[in-house]
2 protein chains.
Amino acid sequence: MNKTTVYVVDDDRAMCESLKWLIESVNMPVKTFSTAHDFLEHYDTNSHGCLVLDMRMPTMSGFELQEELSNSSIKLPIIFITGYGDIPMAVRAMKNGAIDFITKPFNDQELLDSINKAIKKDAERFACDGELNHLQGIINKLTPRELEVAKLIISGNSNKLIAKILQISPKTVEVHRAKVMTKTGMSSLADLVTLFIKVGYKQN
Amino acid sequence: MNKTTVYVVDDDRAMCESLKWLIESVNMPVKTFSTAHDFLEHYDTNSHGCLVLDMRMPTMSGFELQEELSNSSIKLPIIFITGYGDIPMAVRAMKNGAIDFITKPFNDQELLDSINKAIKKDAERFACDGELNHLQGIINKLTPRELEVAKLIISGNSNKLIAKILQISPKTVEVHRAKVMTKTGMSSLADLVTLFIKVGYKQN
DNA sequence: AATACTATAGGTAGTTATCCCGATATGAGG
DNA sequence: CCTCATATCGGGATAACTACCTATAGTATT
């Protein structure tokens, strides 16, 4: 697990330095980038924290980076800062999932508070994702056939029915079922259903 | 089920009339109010649609109404319109769950688009809530004892174990269990677990 | 007082699931 | 060629669940 980092992307070097100094003053690791491309190249998809992002930048604007990130399923919380913003811009940024939009000049504490909130939110997301990946990993251990049987089980079918559906002997279904339970480590049908629902399987 | 209505709250009579005219021009029912209090008095909690809300108003601001509504668990989507807004105000409104924040003078189509999105979103929420209430209603038909047994069942306990936990005969647990299944209309344990998870019961 | 619902409990039979033992066939990899 | 994983199938025993019947006692409603 990587440590949490505050990423700063701003084309203004002085602003980058100022932000770096501010954020490091509260003992948070900071990485600064002067362009969106620079950030995208050096960003480690496994790291977490938050992104402090200038709106107006050459070659790639803050908006474009935000979209790029959301398309790449990178869910790093974004805090926009800008000196030239207007309301439609702020609204659009928020609609696109930014967690804050701060205008320059800003109050230092205001930004730090926002960063803390963002990091907290990202940590929650990370914990949640980790749990999900873990559960998904458990399910991925099943063979295709076992998964097939498992899905039929959690849809409420009995072994006998599953046997008819899959055109195999009920005895084989029993074997698969037992394998599913031992491999997933679930000790009851209820737990198995819960597991599958958690990872997003729906039996509509 | 009530029809969908666009609620307009603005202290400026002329603006109210103008909005009413605009929205009715696309055949959507409108109700206008000149104060937040007026709206709160006449609002039917069962109705749905969306709320077009002026920010700056006497006695109760748009913000205050938004907070009031979120505290009353009224989840009507809110579109703010204002002539005197700034970015922090817009950001705060969006953070509080507004779905749009539009500045006067606004483009008519822009507002209508936003209203349509809001209504769509509310309809989804309504459908979702309706489903949930229905499922909750099913569970509410259970007697306290049956609910107790049901929870133990979906936590993966066997009848025998439940009997020990509740200090009653396994036979009685069987009876409760059968009652739970017939009352909920679920035909398998898997379906029962799914039902309880849908209404938010977790066995952590 | 009669009725209905709830919680309790037993019997008996049948179905289903679980767990132990076994077996065969197939294909991938060393 | 041997091994391992996978998928298939069987017998037999035990445990668990389901479905039908019965019954009693308390509480609430009418």
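Just so we're on the same page: letters track the sequence lines, and every chain starts at 1. Atom set for the values below is all heavy atoms of this structure, side chains included, hydrogens, waters and symmetry mates excluded.
- Note: CD1 (A/Ile153) to P (C/dA17) measures 9 Å, nearest angstrom.
- Following rounding to the nearest Å, B/Ile162 (CD1) and D/dC17 (C1') show an atom-to-atom distance of 12 Å.
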Pair B/Leu51-B/Gln66, side-chain contact (heavy atoms from CB on, under 4.5 Å): steps then yes or no:
CA-CA 10 Å; B/Leu51 173 57; B/Gln66 184 183 31; over 6 Å; no
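- Between A/Thr35 and A/Asp11 the shortest side-chain heavy-atom distance does not fall below 4.5 Å.
- Checked by atom type, the side-chain pair B/Ser47/B/Tyr7 shows a donor-acceptor distance below 3.5 Å.
- Here the straight-line distance linking atom CD of B/Glu174 with atom OG of B/Ser169 works out to 8.0 Å at 0.5 Å rounding.
- Annotation: the span from A/Phe106 atom CZ to A/Thr82 atom OG1 amounts to 11.5 Å, rounded to 0.5 Å.
- The line from SG of A/Cys128 to CG of A/Asp122 is 12.0 Å long, rounded to the nearest 0.5 Å.
- Residue A/Glu174 is the one, among B/Arg177 and A/Glu174, whose nearest nucleotide of DNA chain D lies closer to the 5' end (criterion: closest heavy atom).
- Going from atom CG of B/Asp54 over to atom CZ of B/Phe80 covers 9.5 Å, rounded to the nearest 0.5 Å.
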Strictly under 3.5 Å: I want the nitrogen or oxygen pairs between protein and nucleotides 22-30 of chain D, one per line.
none

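- What separates CG of B/Leu147 from P of C/dT6 is a distance of 13 Å, to the nearest Å.
- Put simply, CG on B/Leu161 is 12 Å from C1' on D/dA16, counting in whole angstrom units.
- For the residue pair B/Asp113/B/Gln109, the side-chain donor-acceptor check at 3.5 Å is satisfied.
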Pairwise N/O distances under 3.5 Å, protein to nucleotides 3-9 of chain D:
| unit_1 | atom_1 | unit_2 | atom_2 | d |
| --- | --- | --- | --- | --- |
| D/dA7 | OP1 | A/Thr143 | OG1 | 3.3 |
| D/dA7 | OP1 | A/Arg145 | N | 3.4 |
| D/dA7 | OP2 | A/Thr143 | OG1 | 2.3 |
| D/dT8 | OP1 | A/Arg145 | NE | 3.0 |
| D/dT8 | OP1 | A/Arg145 | NH2 | 2.7 |
| D/dT8 | OP2 | A/Arg145 | NE | 3.1 |
| D/dT8 | OP2 | A/His176 | NE2 | 2.6 |
| D/dC9 | OP2 | A/Ser169 | N | 2.6 |
| D/dC9 | OP2 | A/Thr172 | OG1 | 2.9 |

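- One atom, NZ of A/Lys160, and another, P of D/dC17, lie 18 Å apart when rounded to the nearest Å.
- For B/Asn159 and D/dC17, the shortest distance from a side-chain N or O to OP1 or OP2 is below 4.0 Å.
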